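Order of the sequence lines sets the chain letters (A, B, ...), proteins ahead of strands, with each chain counted from 1. Here the structure is a predicted model, which means the values were calculated and not measured. Note: hydrogens, waters and symmetry copies are ignored here, and every other heavy atom, side chains too, is used.
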There are 2 protein chains.
Amino acid sequence: MSTRKSPPGKDRHGNSYDASCPTRQVLDRIGDKWTVLVLILLVDGPVRFNELRRRIGGVSQKMLSQTLKSMERDGLVRRHAIATVPVTVEYSITPLGLTLATLMDQVRLWAERNLGQVIAAQHRYDAAAQASDRAA
Amino acid sequence: MSTRKSPPGKDRHGNSYDASCPTRQVLDRIGDKWTVLVLILLVDGPVRFNELRRRIGGVSQKMLSQTLKSMERDGLVRRHAIATVPVTVEYSITPLGLTLATLMDQVRLWAERNLGQVIAAQHRYDAAAQASDRAA
DNA sequence: CGGGATCCGCATCGATACTG
DNA sequence: CAGTATCGATGCGGATCCCG
């Protein structure tokens, strides 16, 4: 997006971001704790519910269920219920979800490359804060 | 995100996800309700606190303050306090923050292009849900 | 003007139990 | 196996007051 004066295409974020702005609506969804992780996992192919649970550590079945339901509602994933003896349910990514997953994968790459800088900045910040505390 | 202290020793149910996963750590930050919006606004140049508040509708001063503080801690923005008669404080984006802002701006573009599809999917989903309710 | 401190409602999330 | 239902704890985020 370059610097302040040369926006790419239709850059109109000089105005206020009211709640109705699309950015915020999408941000509220991917801001969710699990949505992005599910999205990235499903890129490689359909995954069953409990396998999803295993691959994403630390998610409760309730949260995963909720997450998948809203993702399905938003058209990001598709649900396939197979009537086997113990019910089998597979989740797969939709074309729309795939475009978003591609974006979020870049965020993942950014994270891997720059997390070190973030951590370093934190250490510097905390050290400076402690110094002020001693001064006071 | 906030100033999450992250109690890492607390792993009651055994298999918690790996906190060392960079994706998750960054996601927790941008998952924050305001961070991304502030980031994108600051791309155009330094902005003062209250102007930031006006440009971003619906943010309380507490949340904006908290957000800016963690962003500063993470090295995404820089704070400039100018000792004028009523204190003036400007926030500007850092090079690191700019790289992340570039990414998030693409998310913003995705939102503007695809929000319609998401809304449409929701309508379809809700309509189908109502149909099942009538069947039952 | 910028922002820290405090109180508190309300949404979120985890754990548990139950259904199909 | 794949959920739903309910309860309870946690803590985000808003409102208000106050200080530099």
Side-chain angles (χ1 to χ4, degrees), chain A residues 19 24 27-35 37-38 42 46-73 77-92 129 132-133 135-136, chain B residues 1-7 10-17 24 27-35 37-38 42 46-73 77-92 129 132-133 135-136:
Chain A
R24 198 167 302 184
L27 243 35
D28 281 348
R29 292 183 189 303
I30 67 175
D32 172 275
K33 195 173 183 180
W34 310 109
T35 298
L37 296 168
V38 171
L42 287 183
V47 184
R48 285 180 304 107
F49 185 86
N50 274 333
E51 174 149 357
L52 224 36
R53 246 196 102 174
R54 267 192 6 250
R55 305 264 289 265
I56 308 175
V59 62
S60 65
Q61 99 294 56
K62 176 188 171 185
M63 281 297 95
L64 182 55
S65 182
Q66 277 186 12
T67 301
L68 286 168
K69 206 195 294 185
S70 26
M71 290 177 75
E72 190 194 358
R73 197 174 104 99
V77 302
R78 205 169 285 134
R79 206 185 96 115
H80 305 280
I82 309 166
T84 53
V85 181
V87 188
T88 300
V89 180
E90 274 191 351
Y91 289 90
S92 61
S132 324
D133 285 352
Chain B
M1 58 174 279
S2 351
T3 33
R4 182 158 311 236
K5 276 302 197 141
S6 85
K10 288 266 300 175
D11 209 354
R12 289 196 300 251
H13 50 284
N15 179 26
S16 185
Y17 57 84
R24 193 88 47 110
L27 243 35
D28 281 350
R29 298 189 138 69
I30 67 177
D32 173 274
K33 195 172 183 180
W34 311 109
T35 298
L37 296 168
V38 171
L42 288 183
V47 184
R48 284 181 305 108
F49 186 86
N50 274 332
E51 172 148 357
L52 223 37
R53 251 196 95 175
R54 281 200 319 273
R55 305 265 290 266
I56 307 174
V59 62
S60 66
Q61 85 8 33
K62 176 189 172 184
M63 280 297 92
L64 183 55
S65 182
Q66 276 186 14
T67 301
L68 286 168
K69 205 196 293 184
S70 11
M71 289 177 75
E72 190 195 358
R73 198 174 102 99
V77 302
R78 206 168 283 133
R79 207 184 94 116
H80 305 280
I82 309 167
T84 52
V85 181
V87 187
T88 300
V89 180
E90 273 191 350
Y91 289 90
S92 62
S132 325
D133 286 351

- Task: Assign each of A:V87 and A:D32 to its nearest nucleotide of DNA chain C by heavy atoms, then name whichever residue's nucleotide is nearer the 5' end.
- Result: A:D32
- Message: Evaluate B:L68 against B:R73 for side-chain contact (heavy atoms from CB on, under 4.5 Å), listing each step before the verdict.
- Response: CA-CA 8 Å; B:L68 286 168; B:R73 198 174 102 99; over 6 Å; no
Between [atom2] on [N] and [atom1] on [X], what's the gap in Å once rounded to a whole number?
X	N	atom1	atom2	value
A:N50	D:dG3	CG	C1'	10 Å
B:I56	D:dG13	CD1	C1'	15 Å
A:K33	D:dG11	NZ	C1'	12 Å
A:R79	D:dC1	CZ	P	16 Å
A:L52	D:dA2	CG	C1'	12 Å
A:R48	D:dA2	CZ	C1'	10 Å
B:W34	D:dG13	CH2	P	9 Å

- Message: With a cut-off of less than 4.0 Å, is there a side-chain N or O of B:Y91 near OP1 or OP2 of C:dG3?
- Response: yes
- Query: Do B:V47 and B:E90 pass the side-chain contact (heavy atoms from CB on, under 4.5 Å) test, and can you show the C-alpha distance, the side-chain angles, and the key distance before you say yes or no?
  - Reply: CA-CA 5 Å; B:V47 184; B:E90 273 191 350; over 6 Å; no
- Item | Step-by-step side-chain contact (heavy atoms from CB on, under 4.5 Å) determination, A:W34 to A:L64 | CA-CA 7 Å; A:W34 310 109; A:L64 182 55; 5.8 Å; no
- Task: Counting heavy atoms from C-beta on, name the nucleotide in D:dG14, D:dA2, C:dC1 closest to the side chain of A:V89.
- Result: D:dA2
- Message: Quick one: does any side-chain atom of A:T35 pair with a main-chain N or O of A:D32 as donor and acceptor, under 3.5 Å?
- Response: no
- Any donor-acceptor pair under 3.5 Å linking the side chain of B:T67 with the backbone of B:M63? yes
- What parts of residues 61-71 of chain A reach DNA chain C, counting only heavy atoms under 4.0 Å away? A:Q61, A:K62, A:M63
- Query: Which pairs, with at least one residue in residues 55-65 of chain A and sequence neighbours excluded, count as a side-chain hydrogen bond (donor to acceptor under 3.5 Å, both in side chains)?
  - Reply: A:E51-A:R55
